[in-house]
Every structure is written in structure tokens, then in C-alpha cells.
Amino acid sequence: MGVLVACSESATGDGKKKLEVITEAAYAPFEYMDGDQIVGFDIDFIDTVMKEAGYDYEVKNIGWDPLFAEIQGERADIGISAITINEDRKQTYDFSVPYFESTNMILVPEGSDIQGAEDLKGKVVAVQNGTTGQAAVETLFGTNHEDIKKFENNVLAIMELVKGGADAVVADNTVVIEYVKNNPDKKLKAIKDPNSFDSEFYGLMFPKDSELKKDFDKAIKAVIEDGTYSKLYKEWFGEEPDLKALKAQLNK
């Protein structure tokens with residue numbers, strides 16, 4: 001059902017249970033497959049936080065929709081997969097303090113006349129099902145609009161765009177930027193629209209009323225404050241993070 005990645009080497013031997021972390025490894029640069037290994041910013045981040053919190057763990061790649069079902073059913077301890085914290089999800093799950101600021105962007109072919117979110121109206125837009133990208137497009141078009149094509153993951157949504165089956169993709173900015181950078185032959189461009197897409201924040205997702213939240217909130221704050229987070233961010237994204245908005249969320 002999934003691919004197992006090597007565990008943290010930080011087992012404490014103090015009676016803490018080994019945690020099961022689940023993800024969808026089709027969301028570069030956050031989590032993706034490199035051969036038979038799950039890699040990405042989220043994977044390195046969770047390893048850092050686990051060491052700070054003093055837990056041993058394993059990561060399994062199980063897919064986007066199963067991830068939510070497994071956490072809700074308390075069959076796994078933590079979900080990490082660039083999961084946006086929002087009020088709807090907070091009704092069913094608990095979240096850590098935020099660890100990443102993001103926003104949606106539009107991916108289109110070079111030469112497209114689309115310049116912002118309003119230009120998407122009347123176009124066919126591909127999205128990953130169950131994401132804030134889908135929600136953003138449905139805000140513009142209406143729920144289950146015929147011009148919205150939903151896919152299991154962003155890789156499939158982008159493939160639909162590349163083959164001409166969609167006019168645009170809406171997805172998280174880092175995913176869009178990474179794809180454009182790594183696939184210059186596809187001749188695609190990324191479009192920002194801060195007036196239409198608000199900042200979002202990713203968090204670790206837990207079953208409701210999980211006792212783990214307290215430990216991981218503390219660990220996330222520690223790695224952000226001591227500079228470990230900034231070092232990791234720069235390794236993956238090539239620039240220093242803007243921590244102002246993220247730290248404001250931590251102190252709420």
C-alpha cells in the first residue's frame with residue numbers, strides 16, 4: 001500500500017512509542033519519490049522535529065485521500081503532506097502550530113492570455129482534488145463546475161495541462177515554481193495573484209485530541225527559533241524564509 005522510509009535515529013529508549021507518519025509522496029519539493037525513498041522538505045523537516053521532540057518514527061506513502069481517513073480513524077499518528085490548516089479541517093483533526101507559509105499560484109503555458117485568477121473564468125482548470133487549490137477555483141467557478149478537472153495529485157493535473165486538456169493548473173506556489181524550474185522544456189510559466197489567493201499555513205495533522213500536539217508544537221517552535229528551520233528551508237528552496245508571518249502565527 002505504501003513505501004516505507006528509514007526511521008529517525010533518535011530513539012530515546014524512555015518508553016515513548018514509535019510513531020507512524022503518513023504522507024502522499026507526489027508533491028515535490030515537499031514529499032516525492034527518489035527511487036524507492038521518500039524525500040523532500042517535509043521529510044527532512046519531520047526528521048528534525050522528531051529529533052527535537054525525542055521520538056522514533058517511520059514514514060509511509062499512502063496517498064492523499066487515505067491520509068485523511070487514516071488520521072481520522074486513529075490508525076496513524078501524524079500526517080504531513082503540505083497540509084493547509086483551515087477551519088473546515090479543524091472540525092475533524094488537530095493541527096500543530098504552522099511550520100510553512102504558502103499561497104496558491106496559477107500555472108499556464110507560455111503565451112497564455114491568463115494573467116490572474118479572474119482570467120480563469122471560462123477556462124478549463126486542473127486541480128488536485130481535496131486541496132485549497134480546488135477550493136480557490138470553486139470560489140471563482142462554483143462547486144463541481146464542469147470547467148474544473150479534479151485529479152488524484154498535482155502531477156496528474158500538470159500532465160493534463162501539458163497535453164492540452166486544461167488551460168491552467170492552480171496549486172501551491174512552491175510546487176508550481178519547482179515544476180517550472182525543473183521542466184523548462186514544457187514552456188510553462190507561474191503567475192502570482194496575491195489579491196485573489198491569501199496566504200495559507202501548513203501544519204502537522206493529528207487525530208482529534210491527540211496528546212502528541214503539545215510535544216510537537218514545542219519542537220516546531222524550537223527549530224524555528226534556533227535557526228535550524230531557516231537552514232533547512234534554504235537547502236530546499238535556495239533562499240532565506242520570511243519568518244515574520246510564520247512567527248506571528250506561532251504566537252497566536
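Of the N and O atoms on the side chains of Glu200 and Thr84, at least one donor lies less than 3.5 Å from an acceptor on the other residue. For the residue pair Tyr27 / Asp172, a side-chain donor-acceptor distance below 3.5 Å is found, with atom types taken as modelled. For the 3.5 Å distance criterion, the side chains of Asp94 and Ser210 fail to qualify, holding no donor opposite an acceptor.
The main-chain N or O of Arg89 is found under 3.5 Å from a side-chain atom of Asn86 such that the two form a donor-acceptor pair. Judged by distance alone, the side chain of Asp167 and the main-chain N or O of Val125 form no donor-acceptor pair under 3.5 Å. Distance alone, capped at 3.5 Å, places no donor-acceptor pair between the Tyr179 side chain and the Leu107 backbone. Thr23 places a side-chain N or O within donor-acceptor distance of the main-chain N or O of Ile80, the cut-off being under 3.5 Å. For Asp42 (side chain) and Ala82 (main-chain N/O), a donor-acceptor pair under 3.5 Å exists by modelled atom type. Lys149 places a side-chain N or O within 3.5 Å of a backbone atom of Gly165 that can act as its donor or acceptor partner. The closest donor-acceptor contact from the side chain of Asp217 to the backbone of Val97 lies under 3.5 Å. Between the side chain of Asn104 and the backbone N or O of Val170, no donor-acceptor pair lies under 3.5 Å. Panel note: side chain Asn153, backbone Leu156; a donor-acceptor pair is recorded below 3.5 Å. Listed for the Gln91 side chain is a donor-acceptor partner under 3.5 Å among the backbone atoms of Glu87.
Atom CD of Glu101 is surrounded by more than 12 heavy atoms from other residues, nucleotides or ligands within 6.0 Å. Summarising the local packing, NZ of Lys234 is surrounded by 12 or fewer heavy atoms from other residues, nucleotides or ligands at distances under 6.0 Å.
With salt bridges taken as basic N to acidic carboxylate O contacts below 4.0 Å, one links Lys60 and Glu20. One finds no salt bridge joining Lys214 and Glu211 here, because no Lys/Arg side-chain nitrogen approaches an Asp/Glu carboxylate oxygen to under 4.0 Å.
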Q. Salt bridge (charged side-chain N to carboxylate O under 4.0 Å, His left out) between Asp119 and Lys123: does it pass, once the steps are laid out?
A. CA-CA 8 Å; Asp119 297 328; Lys123 307 288 189 180; over 6 Å; no

Q | Worked check of salt bridge (charged side-chain N to carboxylate O under 4.0 Å, His left out) between Lys17 and Asp77 | A | CA-CA 10 Å; Lys17 71 170 185 172; Asp77 299 296; 2.7 Å; yes

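Here the two rings, on Phe237 and Phe41, have centers that are under 6.0 Å apart. Taking the six-membered ring for Trp and the full ring otherwise, Phe100 and Phe45 have centroids separated by 6.0 Å or more.
Annotation: cation-pi pair Lys16/Tyr55 present, NZ/CZ under 6.0 Å from the ring centroid and within 45° of its normal.
To the nearest 0.5 Å, atoms CD (Glu225) and CG (Leu250) are separated by 7.0 Å.
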